[in-house]
Amino acid sequence: MILENCSPERFESFWRHYFDLDRDYGEIKRQLSSDPVLKEAVKYGWGMRILNQDPWETLISFIISANNNITRIKGIIERLSQKFGREICWEGKSYYTFPAPESLACASEEDLKACGCGYRGAYIKKTAAMVAEGLISPYKIRELSYEEGHKTLLSCMGVGDKVADCILLFSMEKPEAFPVDVWVKRVMEYFYIGSPVPIRQIKTIAAEKFGKYAGLAQQYLFYYAREKKIGK
DNA sequence: CACCAGGTAGATC
DNA sequence: GATCTACATGGT
């Protein structure tokens, strides 16, 4: 991997953790590969890593992801950043930071609608207000256990079981979190169960089979399922 | 014009 | 608790 425009100090203080470089993926892949299905999925997504992303940004981003498609999710986040973020100029081009909690809490319904948020606009505004007022803190939730963090995240409007698991996995260093979206549900039923079952049952099976690295297994399975369009 | 997309909130039993 | 439905928006 090559990073441009990055000092050794900046690499150590930020990017090393962001790219999860201290985790031994070789060892985890070996462990998961004792399962024949995971062995194939791991082969498919051999270079994958779980990024350690910003908790606040991840919280809002995955509220937007619910019942939505990836193209639109990206567009909405881009437009929110342009409208409510801070401009950064670099090499003659403009970029925008992800908006601060206060900015989204103060956003008007019309502005959020203009970004294409749809009915999620109200969720974003409410959750942003909770953070801006200090009722909840994404950075403090990160310090909690998986169970406590999950429970706390559910108090945010727009955050359900699956979105909470995504936030915990992608920004709060909880590799045991196993988000079950439509693809993971399909691939688990297809390979391990054989018939449609409730999501909670899939989470139970995943915890038993994959243990404390269930989240990484989820990512290999997700990628594999999508690429192969399994169950569709 | 239906159906779908990295589900959730609110009502109901 | 478990189950059902409406939900903005843009693409196919």
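Sequence lines set the chain letters: A, B, ... in the order given, protein chains first and strands last, and positions in each chain run from 1. If you're wondering where the values come from, they're calculated on a predicted model, not measured in any experiment.
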- Message: Please give me every residue in residues 112-140 of chain A whose heavy atoms get under 4.0 Å of an atom in DNA chain B, ordered by residue number.
- Response: A/Tyr119, A/Tyr123
- Task: Find out whether A/Leu168 and A/Asp165 are in side-chain contact, i.e. whether some heavy atom of one side chain is under 4.5 Å from a heavy atom of the other.
- Result: yes
- Which parts of residues 56-69 of chain A get close to DNA chain B, meaning a heavy atom less than 4.0 angstrom away? A/Ser65, A/Ala66, A/Asn67, A/Asn68, A/Asn69
- Item | For atom CZ of A/Arg226 and atom C1' of B/dC4, their distance in whole Å | 12 Å
- Contact check, residues 150-168 of chain A vs DNA chain C, heavy-atom distance under 4.0 Å, returns none
- Item | Validation row: A/Lys140, A/Thr152 side chains within 4.5 angstrom (heavy atoms) | no
- Minimum heavy-atom distance between A/Lys174 and A/Ser145, given as atom pair plus value: CE-C, 3.7 Å
- Query: What heavy-atom pair brings A/Pro175 and A/Leu169 nearest, and what distance separates the two atoms?
  - Reply: CA-CD1, 3.8 Å
- Task: For C/dA2 versus B/dG6, give the span between their C1' atoms, rounded off to a whole number of Å.
- Result: 24 Å
- Does anyone know the first and last nucleotide of DNA chain C in reach of chain A, 5' to 3', at under 4.0 angstrom to a heavy atom? C/dA2 to C/dG10
- Given side chains that start at C-beta, do those of A/Val131 and A/Leu59 come closer than 4.5 Å, heavy atoms only? yes
- Message: Under 3.5 Å, is there a donor on one side chain and an acceptor on the other for A/Gln53 and A/Thr58?
- Response: no
- CG of A/Asp181 versus P of B/dC4: gap in Å, rounded? 16 Å
- Query: Is it true that A/Lys151 and A/Glu148 have a side-chain N and a carboxylate O under 4.0 angstrom from each other?
  - Reply: yes
- Item | Spacing between A/Ile202 atom CD1 and B/dG6 atom C1', to the nearest angstrom | 14 Å
- Task: Please determine if A/Glu189 and A/Lys185 form a salt bridge, counting it only when a charged side-chain N lies under 4.0 Å from a carboxylate O.
- Result: yes
- Check whether any side-chain nitrogen or oxygen of A/Arg72 sits under 4.0 Å from OP1 or OP2 of B/dA5, and answer yes or no. no
- Task: Check the pair A/Leu21 / A/Phe11 against side-chain contact (heavy atoms from CB on, under 4.5 Å), numbers first and verdict last.
- Result: CA-CA 11 Å; A/Leu21 295 178; A/Phe11 172 77; 3.7 Å; yes
- Message: Classify A/Phe170 by what it touches in the nucleic acid, base, sugar-phosphate, or nothing, heavy-atom distance under 4.0 Å.
- Response: base
- ring-ring contact (aromatic ring centres under 6.0 Å, His included) partners of A/Tyr18, counting only residues at least two apart: A/Phe14, A/Trp15
- Spacing between A/Ile199 atom CD1 and B/dG6 atom P, to the nearest angstrom: 15 Å
- What integer number of Å spans the P atoms of B/dC3 and C/dT5? 14 Å
- Hydrophobic cluster membership, A/Val187 vs A/Ile193, 4.5 Å side-chain cutoff: yes
- Query: Expressed as a whole number of Å, how far does the C1' atom of C/dG10 sit from that of B/dA9?
  - Reply: 23 Å
- Query: Does the side chain of A/Glu40 come within less than 4.5 Å of A/Lys43's, by heavy atoms?
  - Reply: yes
- Message: Could you check whether any side-chain heavy atom of A/Phe19 comes within less than 4.5 Å of a side-chain heavy atom of A/Leu3, counting everything from C-beta outward?
- Response: yes
Donor-acceptor pairs under 3.5 Å, side chain of residues 219-230 of chain A to any protein atom, not counting sequence neighbours: which ones?
none

